[in-house]
Amino acid sequence: MKYTGSCHCGQIRFEAEGDIDGALACNCSMCQRKGSLLWFIPRSAMTLLTPDSNASTYLFNKHHIRHRFCPHCGIHPYAEGTAPNGDATAAINLRCLDNIELDAIPVHHYDGRAS
């Protein structure tokens, strides 16, 4: 299935394709503050509908994950990184997708503080 998503102001818009079989809630210092529910897909399954330059990037800790956010409204719609097998990965913030029922998606809690 193909989903559309965006930040609050629309400066960042994207499509993501795949089956949402679950979400990840992480308690690391960044994710806990953002409150995002993450869906991991191959980066090739995500298409930006706005210029990449519309998104700012925040790096912290080991600098392995590019946390992308809108410099206008502050929303973090996705992040980019590399999966353990070396594949480019996108972590989509499910809260930024249009027309999905969040309550119907099972959530796995990950202890990012311990990582």
Side-chain angles (χ1 to χ4, degrees):
M1 181 145 188
K2 189 177 281 189
Y3 300 92
T4 58
S6 69
C7 64
H8 188 257
C9 72
Q11 288 286 109
I12 300 170
R13 291 183 298 111
F14 60 93
E15 292 177 337
E17 192 162 356
D19 295 320
I20 301 174
D21 55 359
L24 184 132
C26 177
N27 67 353
C28 77
S29 62
M30 177 60 126
C31 291
Q32 182 168 324
R33 284 168 173 80
K34 287 192 301 188
S36 57
L37 291 175
L38 301 174
W39 171 44
F40 292 87
I41 59 173
R43 180 58 182 86
S44 60
M46 179 190 156
T47 304
L48 285 173
L49 302 175
T50 51
D52 184 65
S53 60
N54 284 12
S56 291
T57 302
Y58 179 69
L59 299 168
F60 76 105
N61 196 6
K62 298 176 185 173
H63 292 213
H64 293 291
I65 301 170
R66 297 176 61 220
H67 298 268
R68 305 304 303 269
F69 68 96
C70 178
H72 300 283
C73 67
I75 298 298
H76 292 244
Y78 67 97
E80 298 169 305
T82 305
N85 66 2
D87 291 344
T89 301
I92 306 296
N93 182 354
L94 290 174
R95 296 184 186 279
C96 292
L97 293 183
D98 301 322
N99 304 315
I100 64 167
E101 183 58 49
L102 282 176
D103 291 340
I105 300 170
V107 177
H108 169 75
H109 294 272
Y110 177 74
D111 188 5
R113 286 185 198 156
S115 295

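The model shown is predicted, which means the values in this text are computed figures rather than measured ones.
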inquiry  = Does either side chain, that of Thr57 or that of Arg68, offer a donor lying less than 3.5 Å from an acceptor on the other one?
reply    = yes
message = Below 30° counts as parallel, above 60° as perpendicular, anything between as tilted: where do the rings of Tyr3 and Trp39 land?
response = perpendicular
ask   = So how far is it from Asn54 CG to His72 NE2, rounded to the nearest 0.5 Å?
value = 6.5 Å
ask   = Taking the side chain as C-beta and beyond, is there a heavy-atom pair between Thr47 and Phe14 under 4.5 Å?
value = no
request  = Answer yes or no: is there a side-chain heavy-atom contact under 4.5 Å between Met46 and Ile41?
outcome  = yes
ask   = Are His108 and Leu24 close enough that some pair of their side-chain heavy atoms sits under 4.5 Å apart?
value = yes
message = For a 4.5 angstrom cut-off between non-hydrogen side-chain atoms, does Leu37 reach Val107?
response = yes
remark   = Rounded to the nearest 0.5 angstrom, the SG-CD1 distance for Cys7 and Ile75 is 7.5 Å
key: Residue pair Tyr78, His67: steps toward the ring pair (Phe, Tyr, Trp, His ring centres under 6.0 Å) verdict   = CA-CA 7 Å; Tyr78 67 97; His67 298 268; over 10 Å; no
request  = Can you measure from CZ (Arg13) to SG (Cys96) and round to the nearest 0.5 angstrom?
outcome  = 14.0 Å
Rounded distance [0.5 Å steps], CD1 in Ile12 versus OG in Ser6 = 9.0 Å
request  = Please determine which of Asp98, Leu102, Asp103 meets the side chain to side chain contact (heavy atoms under 4.5 Å, CB included) test together with Ile100.
outcome  = Leu102
remark   = CZ (Arg43) and CG (Asp87) are apart, to the nearest 0.5 Å, by 13.5 Å
ask   = Any chance the rings of His76 and Tyr58 have centres within less than 6.0 Å?
value = no
request  = Taking the side chain as every heavy atom from C-beta outward, state whether Glu80 and Ile65 have any pair of such atoms under 4.5 Å apart.
outcome  = no
Non-hydrogen atoms of Cys73 and His8 that approach each other most closely = SG-N, 3.4 Å
query = Taking only residues at least two apart or on different chains, which pairs with a member in residues 23-32 satisfy side-chain hydrogen bond (donor to acceptor under 3.5 Å, both in side chains)?
reply = Asn27-Asp111, Gln32-Arg113
ask   = Do side-chain atoms of Asn93 reach the backbone of Arg95 as a donor and acceptor pair under 3.5 angstrom?
value = yes
task = Might you point out which heavy atoms bring Phe60 and Cys28 nearest each other, and give the distance in Å?
result = CZ-SG, 4.4 Å
request  = Could you check Thr82 against His64 for side-chain contact (heavy atoms from CB on, under 4.5 Å), going step by step and ending with a plain yes or no?
outcome  = CA-CA 7 Å; Thr82 305; His64 293 291; over 6 Å; no
inquiry  = Quick check: do Leu97 and Ile92 have side-chain heavy atoms less than 4.5 Å from each other?
reply    = yes
inquiry  = Applying a strict under-4.5 Å side-chain criterion to I, L, V, M, F, W and Y, I'd like to know whether Leu94 and Leu48 cluster together.
reply    = yes
Side-chain heavy-atom pair Cys70, Ser56 within 4.5 angstrom cut-off = no
inquiry  = Can you give me the closest heavy-atom contact between Thr50 and Gly10, atom names plus distance?
reply    = CG2-O, 4.2 Å
